[in-house]
Protein chains: 2
Amino acid sequence: MDTDLARERILDAAEDLFYARGIQAVGMDAVRDAAGVTLRRMYQLFPSKGDLVEAYLARRDARWLDSLATHVDTVGPTAQARVLAVFDWLEDWFARPDFHGCAFINSFGELAGTSPQVTAAARHHKDAFHAYLHQLTTAAGATAATGAQIALLAEGAMTTAAISGTPAPARHAKAAALNLLTLDARPVASPA
Amino acid sequence: MDTDLARERILDAAEDLFYARGIQAVGMDAVRDAAGVTLRRMYQLFPSKGDLVEAYLARRDARWLDSLATHVDTVGPTAQARVLAVFDWLEDWFARPDFHGCAFINSFGELAGTSPQVTAAARHHKDAFHAYLHQLTTAAGATAATGAQIALLAEGAMTTAAISGTPAPARHAKAAALNLLTLDARPVASPA
DNA sequence: CGAAGGTGAGAACGGCCGTTCTCGCCCTGC
DNA sequence: GCAGGGCGAGAACGGCCGTTCTCACCTTCG
């Protein structure tokens, strides 16, 4: 089998399993079975489980942000609509049957106490996501503070959707984001 | 040693270790060493590690909410101030050197895929927290939707503070919560 | 005093997991 | 045709972990 193909099948299997069951709960044997490659091959491509975990997180980070940006681009150039589109995309994600929360929040919760690499991967992913949101909100005329607040709404929606098991938090977050954006563009009336 | 005292020492040790390093990363031997009791005694009081984990989460849930409510009560009866006090309390928590995120989000991320008990504990804790926030926000004249939005801000602040390692998200969340509350009480001016 | 049951300390057991090794096979290059 | 090196499949190894057992001791009650 081609090396690149093996690599991809291993990462596909690792992502499915790590995301669904947690990293520590999945043994290398389970990844091997799901990937259909030999253990020897896996250790040639990923010398340790930690390397596989890092590759899993790195690929998921890139794909997740790409998918989000692609969706945002489908709504056109209107800046406020682009911000709100983030929450529609989140709602679609939350409603998927295999949704299990944010992989980075999950692996941070599982391994931050023991793995600096996982901690760094989570931080990197969230930094990138927040930077992207900052860019979208700034384009919509919001302040940096509003951008940070909208990021908190998105993060809160992820954990609440995961734990509650419903996609509704995405809509609540979207409504709140709209309010915050509107406030920025159009301050409240002064007291009567 | 008294049974109640042993129970408490075991739970104290378990909480310190599980919260700091994650549940799966901490063996029963480590809890025994930290608690200063014998393994036999631990298994008399908690017949399995799963029982210990459940007891850890149950006690933390109760204490966490009690601590929050106690703080909120110190600010007096003004409804809006009581809502905002939640975020001050969160900021204090985030700034503590041993802060490591929300124990329930962490254990959910670590064990939701394999333990229905942990999933239920996380859901129960978040339901209780959101119900408390709903009560506070309703008292401040906000709609249920605004209450849910403020809950998302609090959740987002927890994960963002944990991963970024700074308490700043509490202040951003507080500012956003104030905006949302104000908006509820005093709608934006209609378009010119 | 003596039997009995509980306790402390730690060893032991069974199983799992990350990692490496063995062995037989195939495929390549002369 | 044949030596040799890489590959697939799975066994093996070392270590860890949850749980239970052993055994000597101590206490307690008749």
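In what follows, chains carry the letters A, B, and so on, assigned in the order in which the sequence lines appear, proteins first and then strands, with residues in each chain numbered from 1. In this text, all values refer to a predicted model and were calculated from it rather than measured experimentally. The figures here come from the full heavy-atom set of this structure, side chains too, leaving out hydrogens, waters and symmetry mates.
Contact check of residues 110-117 of chain B against DNA chain D (heavy atom, cut-off under 4.0 Å) returns no residues at all.
For A/D33 and D/dG8, the CG to C1' distance is 14 Å, given to the nearest whole Å. Atom P of nucleotide D/dG15 and atom CG of B/D29 are separated by 16 Å, given to the nearest angstrom. B/L17 places its CG atom 12 Å from the P atom of D/dC17, with the value rounded to the nearest Å. The nearest whole Å value for the distance from the CG atom in B/D2 to the P atom in C/dG8 is 12 Å. At whole-Å resolution of the value, CZ in B/R32 and P in C/dG10 are 8 Å apart. Distance, A/Q44 CD to C/dC21 P: 13 Å, rounded to whole Å. Whole-Å rounding puts the A/M28 CE to D/dG14 C1' distance at 17 Å. Note: CE (B/M42) to P (D/dT20) measures 12 Å, nearest angstrom.
Between B/Q24 and D/dC17 there is no side-chain polar atom (N or O) within less than 4.0 angstrom of OP1 or OP2. Regarding contacts with the backbone of C/dG8, a side-chain N or O of B/R41 is found under 4.0 angstrom from either OP1 or OP2.
Just one of B/W64, B/F129, B/Y132 meets the ring-ring contact (aromatic ring centres under 6.0 Å, His included) condition when paired with B/W89; it is B/W64.
The main-chain N or O of A/H100 is found under 3.5 Å from a side-chain atom of A/Y19 such that the two form a donor-acceptor pair.
Between A/Y43 and B/L39, the residue whose closest nucleotide on DNA chain C is further toward the 5' end is B/L39. Each of B/G50 and B/R40 lies near DNA chain D, and the nucleotide nearest B/G50 is the one positioned closer to the 5' end.
If you check every strand for non-hydrogen atoms under 4.0 Å, A/V31 touches nothing.
No side-chain donor-acceptor contact under 3.5 Å links B/S67 and B/T70.
The pair A/R82-A/D73 meets the salt-bridge criterion, since a charged nitrogen lies less than 4.0 angstrom from a carboxylate oxygen.
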Tell me, with the steps shown, if B/R59 and B/D12 meet salt bridge (Lys or Arg N to Asp or Glu O under 4.0 Å). CA-CA 10 Å; B/R59 197 183 70 162; B/D12 287 347; 2.9 Å; yes
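Rounding to the nearest 0.5 Å gives a distance of 5.0 Å between CD of A/Q24 and CG of A/L111.
Of the candidates D/dA9, D/dT19, C/dT19, the closest approach to any side-chain atom of A/T38 belongs to D/dA9.
Connection of A/L178 to B/I150 is not established within any shared hydrophobic cluster, with ILVMFWY side chains joined at heavy-atom distances below 4.5 Å, either directly or through further cluster members.
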